[in-house]
Structures are given as C-alpha cells and as structure tokens.
Amino acid sequence: MSRERLYLFDTTLRDGAQTNGVDFTLQDKQVIAGMLDALGIDYVEGGYPGANPTDTEFFSRKPAFDHARFTAFGMTRRPGRSASNDPGLAGILEAKADAICFGAKSSAYQVRVALETTNEENLASIRDSVAAAKAIGREVMVDCEHFFDGYKENRDYALACATAAYQAGARWVVLCDTNGGTMPHEIETIVADVVTQVPGAHVGIHAHNDTEQAVANSLAAVRAGARQIQGTLNGLGERCGNANLCSLIPTLKLKQEFAEKFEIGVTTEKMATLMKVSRTLDDMLNRAPNRHAAYVGESAFVTKTGIHASAVMKDPQTYEHVLPETVGNHRKVLVSDQAGRSNVMAELDRAGIVYDKTDPRLTRLVEELKEREAAGFAYESANASFDLLARRTLGKVPEYFKVEQFDVNVEQRYNANGQRVTVALAVVKVDVDGEHLISAAEGNGPVNALDVALRKDLGKYQKYIDGLKLIDYRVRILNGGTEAVTRVLIESEDETGESWTTVGVSPNIIDASFQALMDSVFYKLVKSGAPA
C-alpha cells in the first residue's frame, strides 16, 4: 500500500528569529537554509522581505536548493488598499522566492481589534493577495493566524477565511494556534471539521508551544487530516517556541502509526544527521544545547543506575524506544554514585580501556567512584577525568611529570596607560623525568595564569600539548558558607577539534581548578600516546 506524502515546512529563519536572544546574520541564514535543504525539508521560510535589510538582501536571489522550496513570508494587503497599491505586498511579490506564505487573520475578534476593519474586507484581502501571488506564478499558502481561538469564538467566520484562501487558489491553508493554548483533542476535532470544507491535502498546522504540546498538537492535526506541518529546529520561536522539527521528524519516521501511513522528504540516511544539525544551530547561536531534548539531547539515551545499565547492555530495547544511531545520537552509560559494575564496564568499553571482568580492581574502581562522587566529583559530566581515574586504578597511566609547587598572586596596579588593572601571575615548578622546570605566566585571572604557566614548558612532552587549549570553565558551589566545597569543570580542546571535560573538587577554588587542569593535560598526553 502506497503511503501519503506529508510535507514539512521550516520557519526557523522567520518565526524562530523571534526567539529572545536570537539574531541571525545574512551568513547565518544562508548556512541554515542550506542545512535544511540538505536535511530534506520541503519548504524553507527565509523571513519577511522588506521588514529589515537582512531579509531583503536574503531574498535578492534564490538559494541553489536541491530539494526545498524557498518561501517568503508577508502579510496580506492592507485594509482599504488595492493589491496593486500596497508597497508591503509589492515587496513580497518581488522577492526571489518559489513560494509565498501570507499571514492573514482568521479570528473575528482579531479582525475587529487588531486590524480595525470589517470581516468582509479581511476576506477580500485574503482573496486579492492570493490571486496576486498566483498571477506571477508563485506557489501560495496562507497562515490563518489565531485560527483555533477564532474558530471557538466564531466557527463560521474562521472557516470562511480558510475556504476563501483555498478557493482563491492557495496550495496550502495553514491553521495556526498562534497563542499556543489549544489542547490536542481540540486540535483534532477542529481540523477534522476543517477538512470537510478544505481538502486535507491542502491543510497545514502551525503550532506554538505555550502549553508544551506543540508537537502533540501537530501530530493530532495530522491524525485529523492535515498534510503539512510547520515547525522549527530545536523548537525555536517567540515566547515558548514552535513545534520542534527535531522531535517531529523521528516520530514521523520511526513510530509505526505515522511511518506506515506517511512518507516525508527526510530520508533515513539524512535523519542520521539530525543531532548534528541540531548542535550546529546551537553552536551558531552560541547557545548551550538542551541536554534533555527528545531524540537529539545529550541525555536522550543515557542510562545511570546499575540495574538499568545492565539491562541496556544485554538488550538496548529494555530502556530505549528507538536506536540512538537513527538520529545521529549515541548510547551512554553514566558513572556516578549509583554506578554498578555494568555501568563502569560499559564506560570502559566506550573509552577503549582493556580490562578483565574478573579483575578485583574493578570493584575498587566502583567503590572509588562512589566515594569521590559523594565528595562532590561529577564523573558523568567529566568523561576525561573518569578515563584517567579508571586507567590509574587499573594501573595504566604513566606518571609523565610531577608538579612540585605552584604559586598564584593576584595584583591590582596601574598599567603603562595609567589604567587600573588586575593581573594574575602564576609560577609552576614541575619535575619531568628528573629535570626541574619552572614556568611563570600572567593571565586575566588566576586560573588562566595557572593554565598558561602549566603548559608553557613540559620539556620532552611539550610537543604533545602544543595544540591544547581551554575553551570553557564552570564553577559550582556545592554547599553554603565560607567553607563551601567548590566543583570546577573545565572543557578543553585539541588541534583536531576534539573536546573533553575534566573535574576538580576542593574547598579552595584554585586547588579545584588546578586538579581539573592537570587532568586535562594528562588526558591529552594519554590520548596522544606520549611515551612514559
């Protein structure tokens, strides 16, 4: 039996750009649009030409897409103007786009209060705008804004707006839950009613996430007959965001109810890049990824407790609803204060550390982990420090060098320009194979100064750490008061772009930081295969 085609429409570059703190550059838009096309998205909405210089320039030429249709957004003609005498509409029609998506009010209340016009004039505006875009050969769709609220207030008028768009020639009539407050059962009931007036093959859904149900509402609309879903990568969007395509795509392809009935433009091979796409967007926006995001989150396939880990190692289906590889993610067994032998062995396997299951040192490693986690260490967040602890317990880490002494001073003084500055100076004394080396360095803080001094001269090991750099530094106070214990997490990166995290814990923040710095250097030496 052939499957129905379900179309995906991405509005990351338009609706997603309304996210608090998000500001796309022209280059950002070009890169993201290409990434969406490569993923297999059917429609990429690039923005609102004429609304700002970036969007206007973006629509000055069409991207060279292989699959997606480049879509411009804009409002229908203004009340009281003709389609030929509306500069805003003219700007949209002039955009170099394959398709145009018009935003139109479909709530009598919104027409009266926001547009301050009549119901009939609003309907005429929808018809005229669709006709104008059709006349120049554009594929046309209409976002019926506030549709569900409008339907509940005045069903006949909301349906009149939808049918006016369809009858005027719109390829898609998109029902928008603009305020994001409609429940899934309401969506399903209302969409089922709409498809008696407008064929479902021409109906879309645009859901906002204000009740954390945008994905559920989108799926409810599909069940009721809608065949286009609008959403954004990582659920970006104003207020609480839009329907998250990174959740919808795997659900549509991997859950039997939808996979057996529908086909989407994202292939199985392309879906395996989904986590990378999600992370790339976060990196471009300088945002921390949501580690608990469905499918693509760092914790989506994480197992922590021993009994769960043991079951997962026997058969992943015991605690996984899909295979992580299908979305480009991976399985991870955490080592923590709840760890058992199964967790530890799974993590040793991941790290490529050879061990004997009967080795009594495994039991010692489990106990050591529990004791150190109780003291404040967090190995589930510090993969490199776990790697080193495991190797040391199993007798597999050379003592490349010893730090005999370090000293840090923070001084406030006037610089050559007469400006008052604070400068940190660190001195580190190390023993490298019997050779005593002393290095000093200044930094913009004590940890930065220590980092530079430690890595300034390690004798015969210097060549192995030349590409090492600190890229993130995080501090957490584990208990209150002046004697608080501090946990420091340091993320480091090498010349290949590979990164890892190390941890240090101490009542003294400098000591905790130095522990994490030392682990980072030792991990790099181990990873580089430095000789003992």
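These numbers come from the heavy atoms of this one structure, side chains and all, not from hydrogens, waters or symmetry mates.
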Which residues share a salt bridge (Lys or Arg N to Asp or Glu O under 4.0 Å) with R279, sequence neighbours left out: none
By salt bridge (Lys or Arg N to Asp or Glu O under 4.0 Å) - contacts of E188 (at least two apart): none
Contact list for residues 276-297, test ring pair (Phe, Tyr, Trp, His ring centres under 6.0 Å), sequence neighbours left out: Y295-H321
With sequence neighbours excluded, residues passing ring pair (Phe, Tyr, Trp, His ring centres under 6.0 Å) with H208: H206
Under the salt bridge (Lys or Arg N to Asp or Glu O under 4.0 Å) test, residues paired with K96 that sit two or more places apart: none
For F377, ring pair (Phe, Tyr, Trp, His ring centres under 6.0 Å) partners two or more places apart: Y379
Ring pair (Phe, Tyr, Trp, His ring centres under 6.0 Å) partners for F148, two or more places apart: none
Of all pairs that satisfy ring pair (Phe, Tyr, Trp, His ring centres under 6.0 Å), the ones with a partner from residues 76-106, not counting sequence neighbours: none
Under the salt bridge (Lys or Arg N to Asp or Glu O under 4.0 Å) test, residues paired with D28 that sit two or more places apart: none
Within residues 60-73 or reaching into it, pairs that qualify as salt bridge (charged side-chain N to carboxylate O under 4.0 Å, His left out) - sequence neighbours excluded: K62-D98, R69-E139
Pairing residues for F73 by the ring pair (Phe, Tyr, Trp, His ring centres under 6.0 Å) criterion, not counting sequence neighbours: Y48
Where at least one partner belongs to residues 38-57, residue pairs that pass salt bridge (charged side-chain N to carboxylate O under 4.0 Å, His left out), sequence neighbours excluded: R5-D42, R14-E45, K29-D55
